[in-house]
Amino acid sequence: MLIRAGYDIRFEADVPTPLMAMLSLHPSRNRDLVTPHRIVASPDVPIYDYLDAFGNVCTRMTVPAGGLTLSCDFTIEDDGQPDPVDPDAVQHAVEDLPDEILVFLLGSRYCETDRLSETAWSLFGHVPSGWARVQAIVQFTHDHIEFGYHHARATKTAWDAHQEQQGVCRDFAHLAITLCRCMNIPARYCTGYLGDIGIPPVDAPMDFSAWFDVYLGGRWHTFDARHNQPRIGRILMARGRDATDAALTTTFGPARLVGFDATPTASTRRLEPAAASVYACHPAAFVRTPRHH
């Protein structure tokens, strides 16, 4: 099936401000593109890409005084299948994990394994290891956190989400990732597009979403603590240890996010009998702005 996706993002700044964006597709999906994927800047400013340590496409530019709009519109092919389920996937002993996987067992900026380890073992130590244990963590996280955009906070960590029991999709992902790591299950953070394909229509703007992968049975598997069900049509943009590694935009100075809207000509109507559209509209939880002191 075909999925049309894109965005329009507007920043304003009083002085030229460097910006790094992870608004491209993850290279693992490039072969699925049906139309070109291009980030268009208005006004036209120099932009260039590089790959970071996690294989994400990072785009560098400078927001000029007065502001900058970033837009993208593309169509991608998808197999139309829900996230695969493998109940027989086994958990590896730590000593058997590949070297490059170990980093996804460690604590990170938003995933404080030291603060949640005792909680994790008390909740899931009795659950059979492997897929069943991960699913138990997903179920707990899904039930424990109340979703709401007004709960978004750029500084909120897994520990905060656990204590406050409120958050957005990235907080669901951070808590589930942390609990998995506490149980010696490698887990990584993912962000991208996720439309309402294969589910009843959602009466809310389309959105970027966050989910996570776990390493079981020698490969990565997708889980989603926010929705707690296999979904169709995920389009990966970036992944890493947590949202620090996959912030969709990072401004190095006082740039203001003033617009994030669906392109007016886009809709959720079918491109063809098995296709759909998804546009992102609420990035606040994914934007971080480091300050220099």
Side-chain angles (χ1 to χ4, degrees), residues 1-9 21-41 47-59 70-86 89 100 169-170 173 188-199 201-202 205-224 226-227 229-240 243 245-249 262-263 265-281 283 286:
M1 73 181 206
L2 301 178
I3 303 173
R4 184 183 176 193
Y7 51 79
D8 288 291
I9 303 175
M22 293 186 183
L23 292 168
S24 296
L25 288 187
H26 191 271
S28 61
R29 294 303 306 267
N30 283 347
R31 290 186 177 183
D32 299 324
L33 282 168
V34 176
T35 64
H37 180 288
R38 297 190 184 97
I39 298 175
V40 178
I47 64 175
Y48 74 90
D49 297 336
Y50 72 93
L51 291 180
D52 69 9
F54 298 100
N56 304 314
V57 178
C58 303
T59 303
L70 301 175
S71 302
C72 188
D73 188 338
F74 64 94
T75 300
I76 190 169
E77 187 172 2
D78 191 83
D79 63 11
Q81 297 302 309
D83 302 322
V85 175
D86 185 3
E100 65 273 16
C169 54
R170 84 168 206 168
R188 65 187 182 187
Y189 179 91
C190 304
T191 188
Y193 301 90
L194 181 62
D196 55 357
I197 302 171
I199 63 172
V202 177
M206 288 297 176
D207 193 1
F208 286 133
S209 190
W211 59 90
F212 70 105
D213 292 339
V214 300
Y215 190 82
L216 297 173
R219 65 183 185 90
W220 291 101
H221 303 264
T222 296
F223 285 86
D224 189 334
R226 159 74 176 96
H227 299 102
Q229 63 176 336
R231 294 289 297 270
I232 297 171
R234 295 185 196 276
I235 306 174
L236 180 67
M237 298 170 76
R239 60 192 177 202
D245 298 325
L248 295 183
T249 61
T263 300
T265 56
S267 72
T268 56
R269 68 179 182 272
R270 302 297 179 181
L271 299 179
E272 57 185 53
S277 298
V278 49
Y279 271 70
C281 291
F286 300 92

Residue pair His227 / Ile199, side-chain heavy-atom distance below 4.5 Å:
no
Heavy-atom nearest pair, Gly198 first then Ile232, reads CA-CD1, 4.3 Å
Tabulate below the donor-acceptor pairs under 3.5 Å that side-chain atoms of residues 30-39 make, not counting sequence neighbours, or state none.
residue: Asp32; atom: OD2; partner: Arg29; partner atom: NE; Å: 2.7
residue: Asp32; atom: OD2; partner: Arg29; partner atom: NH2; Å: 3.4
residue: Thr35; atom: OG1; partner: Thr75; partner atom: N; Å: 2.8

Looking only at heavy atoms, what is the nearest atom pair of Tyr189 and Ala210, with distance?
OH-CB, 3.5 Å
Residues passing the salt bridge (Lys or Arg N to Asp or Glu O under 4.0 Å) test with Asp83, sequence neighbours excluded, are Arg234
Return the minimal non-hydrogen interatomic distance between Ala238 and Asn56, and the atom names on each side.
CA-OD1, 3.2 Å
Could you walk me through whether Trp220 and Arg188 pass side-chain contact (heavy atoms from CB on, under 4.5 Å), step by step?
CA-CA 9 Å; Trp220 291 101; Arg188 65 187 182 187; 3.2 Å; yes
Just so I know, are the side chains of Arg231 and Trp211 near enough to count as touching, which here means a heavy-atom distance under 4.5 Å?
no
Which value, rounded to the nearest 0.5 Å, describes the distance between Met22 atom CE and Thr191 atom OG1?
10.5 Å
For Leu2 and Ile76, run side-chain contact (heavy atoms from CB on, under 4.5 Å): C-alpha distance rounded to whole Å, both residues' side-chain angles, the deciding distance at 0.1 Å, then the answer.
CA-CA 6 Å; Leu2 301 178; Ile76 190 169; over 6 Å; no
Rounded distance [0.5 Å steps], OG1 in Thr222 versus CG in Leu236
8.5 Å
Do you know the tightest heavy-atom contact between His26 and Gly55?
NE2-O, 3.5 Å
Say whether, by atom type as modelled, one donor and one acceptor occur between the side chain of Tyr7 and the main chain of Leu23 under 3.5 angstrom.
yes
Minimum-distance pair of heavy atoms, taken over all atoms of Asp8 and Ser71
OD1-OG, 2.5 Å
Quick check against the 3.5 Å criterion: does Ser209 have a side-chain atom that pairs as donor or acceptor with the backbone of Tyr193?
no
Backbone N or O of Pro230 within a donor-acceptor pair of the Asp224 side chain at under 3.5 Å?
no
